[in-house]
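I have placed the structure first, in the form of structure tokens, so that the comments after it can refer back to it.
Throughout, numbering of the chain's residues begins at 1 and tracks the sequence. Note that the coordinates shown come from a computational prediction; the quantities given were computed from them, not determined experimentally.
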Amino acid sequence: MVPSNLGEEMSTEVTLPPEWEDDERMNFLFSDFKENRDVNTKDWDSKIDFWTSLILKICRSRGTVCFNLQELNKIFQRKGFVPLGLGTVIRCMARCGKIQRESEFAANVDCGWVSWGFGLLLVKPLKWTFSTLLGSSGVTLEESFVVIELVKEKAAELLGVYWSSPVANCSLLSFQELQTLSSHICIDESTLCMALLQLQREKQVTVSLHEGEKIVKFSQPGQDRVSSVSDMDLGIYQLQRSERLLEVRVEALGLEAEKCKEEARVLLREGKKSQALRYLRSRKRVERKADGLNAQLENVKGILDRIANSETDKLVIQAYQAGVSALRLSLKDGTVEGAESLVDQIQELCDTQDEMNQTLAGGALNSTDADTDELEDELRSLLENSTLDRPSTLPEVPSHPLSPVRESGSLCDDLLCALPLVPQSLFNITDEELDKELSRLTLADTCMPLLFLYL
């Protein structure tokens with residue numbers, strides 16, 4: 001871990017790769033590049049890849065999109081030595097399009113950059129050095145470079161934060177408001193300006209000056225590009241700014257009125273009635289002023305509401321016009337006579353289909369009745385054959401009810417009387433089976449009196 005000194009606000013530590021502790025490896029990486037890459041292509045490319053990835057990692061961890069050679073030398077200082085080939089690494093990154101000089105990056109934006117960017121939006125004026133003007137390939141210590149990959153990421157984050165914020169319904173924002181909104185994304189004003197320049201290059205934002213104040217307009221979700229700042233946008237912006245100022249003043253006057261009231265209460269307790277009355281008069285005066293500002297505030301809010309409603313009405317009217325056009329196109333080839341003819345044809349086809357269904361259903365019904373009669377005859381014959389082949393072995397159900405119990409001694413007689421008659425038909429029962437049945441009956445006769453006595 002090496003402390004970072006890149007900027008006064010940065011106090012975090014930079015995480016360096018594990019090979020940073022390998023002296024042999026770091027001696028090779030800290031050495032200068034050969035004048036000719038073809039001497040050892042592998043070593044050259046490995047050093048370029050190592051420092052390129054490390055520079056990108058350092059910038060991303062810091063949350064910045066710019067760096068210079070002087071800052072890199074401070075970060076990568078190891079045991080009193082600095083890398084000798086960082087200038088070569090920076091030139092290679094610039095040739096590959098991974099970085100770009102800050103001045104070139106800003107000047108390439110088609111937005112009249114000099115009118116608002118140079119020395120106006122940036123924290124530090126961009127350095128137009130002689131090497132830049134003359135096209136020299138050398139890298140100065142203080143010359144700042146922009147990492148293209150990181151500035152695109154910051155620009156996308158900034159646009160997303162604006163779209164998801166409560167101020168997304170404001171057509172224009174002041175630069176100070178945007179700084180507050182994006183403070184957790186852009187750590188400094190320079191980073192915010194680079195992100196705005198990238199968004200302006202992508203036609204997603206426009207920045208202009210109005211009465212000496214920098215104002216920003218973003219594109220809305222679904223729009224391919226941002227529209228120019230119109231007089232209506234400026235009027236709404238001034239109304240919204242007036243609304244915010246009036247709200248602040250009304251709140252301050254309310255606090256002042258409460259303070260006067262408390263002072264009057266304290267003086268009254270101390271017996272200083274005249275002074276207490278003076279504070280009460282001040283309170284009344286402050287409240288009248290607050291009431292006047294409240295009336296102005298309500299007027300401003302009413303105008304803003306009307307503007308918002310007019311925008312909604314405009315969208316509704318456009319939707320109605322689109323619907324009418326679509327309906328007119330859909331009914332272009334249709335007439336009432338044609339619709340009636342189609343309905344008649346459909347009705348005729350439905351009638352024909354119903355007649356066909358009735359015909360088919362009638363034929364199926366007759367054939368079904370015939371088949372049902374044959375099946376019933378066959379079933380009846382099967383039942384008759386089953387009755388003849390297997391005679392019933394069960395006795396007939398007794399036709400008279402059991403007589404009530406009168407005495408315990410006559411219980412056996414009553415049970416015998418209640419038994420059905422012995423069937424006369426042959427059951428193919430042997431004498432042994434009859435003896436066993438008689439024994440069971442005798443046992444039942446013996447046990448029944450005991451059961452009734454127990455009950």
Side-chain angles (χ1 to χ4, degrees), residues 1-17 19-20 26-33 35 44 47-108 117-151 153-154 186-195 197-198:
M1 304 290 286
V2 176
S4 172
N5 298 319
L6 303 182
E8 298 178 356
E9 70 283 345
M10 296 301 298
S11 60
T12 59
E13 294 184 342
V14 177
T15 302
L16 297 173
E19 55 262 41
W20 197 263
M26 296 313 299
N27 288 336
F28 163 72
L29 293 173
F30 270 54
S31 63
D32 200 358
F33 286 84
E35 293 183 0
W44 179 289
K47 291 173 68 174
I48 290 291
D49 293 340
F50 173 82
W51 290 114
T52 299
S53 61
L54 187 56
I55 290 173
L56 293 178
K57 179 181 178 182
I58 293 299
C59 290
R60 181 174 279 109
S61 64
R62 292 169 52 209
T64 61
V65 297
C66 301
F67 67 89
N68 58 43
L69 182 57
Q70 184 177 8
E71 293 171 344
L72 294 182
N73 286 334
K74 291 180 180 179
I75 285 186
F76 298 141
Q77 186 176 6
R78 180 179 183 272
K79 296 182 178 181
F81 297 95
V82 296
L84 300 178
L86 288 181
T88 304
V89 174
I90 292 175
R91 289 194 295 270
C92 289
M93 293 177 68
R95 284 197 299 267
C96 296
K98 294 182 178 180
I99 62 174
Q100 193 175 10
R101 282 184 172 90
E102 191 178 73
S103 55
E104 295 176 358
F105 178 81
N108 288 337
F118 181 70
L120 180 62
L121 284 183
L122 302 183
V123 178
K124 298 178 181 179
L126 304 178
K127 302 295 184 180
W128 287 85
T129 60
F130 287 107
S131 62
T132 302
L133 295 175
L134 297 177
S136 174
S137 59
V139 179
T140 62
L141 289 176
E142 296 183 356
E143 188 174 13
S144 183
F145 293 86
V146 179
V147 183
I148 305 300
E149 177 184 349
L150 299 183
V151 76
E153 293 177 1
K154 288 293 180 183
C186 302
I187 62 172
D188 53 27
E189 190 173 349
S190 177
T191 304
L192 175 59
C193 291
M194 292 297 105
L197 287 171
Q198 178 62 31

Practice task
Output, in order, the C-alpha distance, side-chain angles, deciding distance and verdict of side chain to side chain donor-acceptor pair (under 3.5 Å) for Asp188 and Thr191.
Solution key: CA-CA 6 Å; Asp188 53 27; Thr191 304; 2.6 Å; yes
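- With values rounded to the nearest 0.5 angstrom, Met26 atom CE is found 10.0 Å from Lys79 atom NZ.
- For Phe33 and Trp51, the ring centers sit 6.0 Å or farther from each other.
- Remark: aromatic rings of Trp44 and Phe28 are distant, center separation not under 6.0 Å.
- For the pair Leu86 and Phe76, the minimum side-chain heavy-atom distance is below 4.5 Å.
- Residues Glu143 and Arg101 have side chains in contact (heavy-atom distance under 4.5 Å, counting atoms from C-beta outward).
- Interatomic distance, Gln100 CD to Met93 CE, rounded to the nearest 0.5 Å: 12.5 Å.
- For the atom pair CG of Leu141 and CG of Asn73, the computed distance is 6.5 Å after rounding to the nearest 0.5 Å.
- Considering Ile58, Leu150, Leu56, Ile90 in turn, Ile90 is the only one that fulfils the side-chain contact (heavy atoms from CB on, under 4.5 Å) rule with Phe67.
- Of the inter-residue distances, the one linking Thr52 atom OG1 with Ile99 atom CD1 reads 8.5 Å to the nearest 0.5 angstrom.
- Nearest heavy-atom pair, Ile48 versus Thr88, reported as atom, atom and distance to 0.1 Å: CD1-O, 4.5 Å.
- With values rounded to the nearest 0.5 angstrom, Phe145 atom CZ is found 8.5 Å from Ser103 atom OG.
- Atom OG1 of Thr64 sits about 7.5 Å away from atom CD of Glu71, to the nearest 0.5 Å.
- The shortest non-hydrogen separation linking Glu102 to Val146 is CA-CG2, 3.8 Å.
- Between Ile148 and Phe105 the shortest side-chain heavy-atom distance falls below 4.5 Å.
- In this structure, Ile55 and Leu72 approach most closely via the heavy-atom pair CD1-CD1, 3.8 Å.
- Taking the side chain as every heavy atom from C-beta outward, Lys47 and Ser31 approach each other to under 4.5 Å.
- Scanning all heavy atoms of the two residues, the minimum distance from Val139 to Gly87 falls at CG2-O, 4.0 Å.
- Taking all atoms of both residues into account, the shortest heavy-atom contact from Met194 to Cys66 is CG-SG, 3.8 Å.
- For the pair Gln77 and Trp20, the tightest heavy-atom approach, listed with the atom from each and the gap, is O-CZ2, 4.4 Å.
- In this structure Phe50 satisfies the ring pair (Phe, Tyr, Trp, His ring centres under 6.0 Å) test with no other residue, sequence neighbours excluded.
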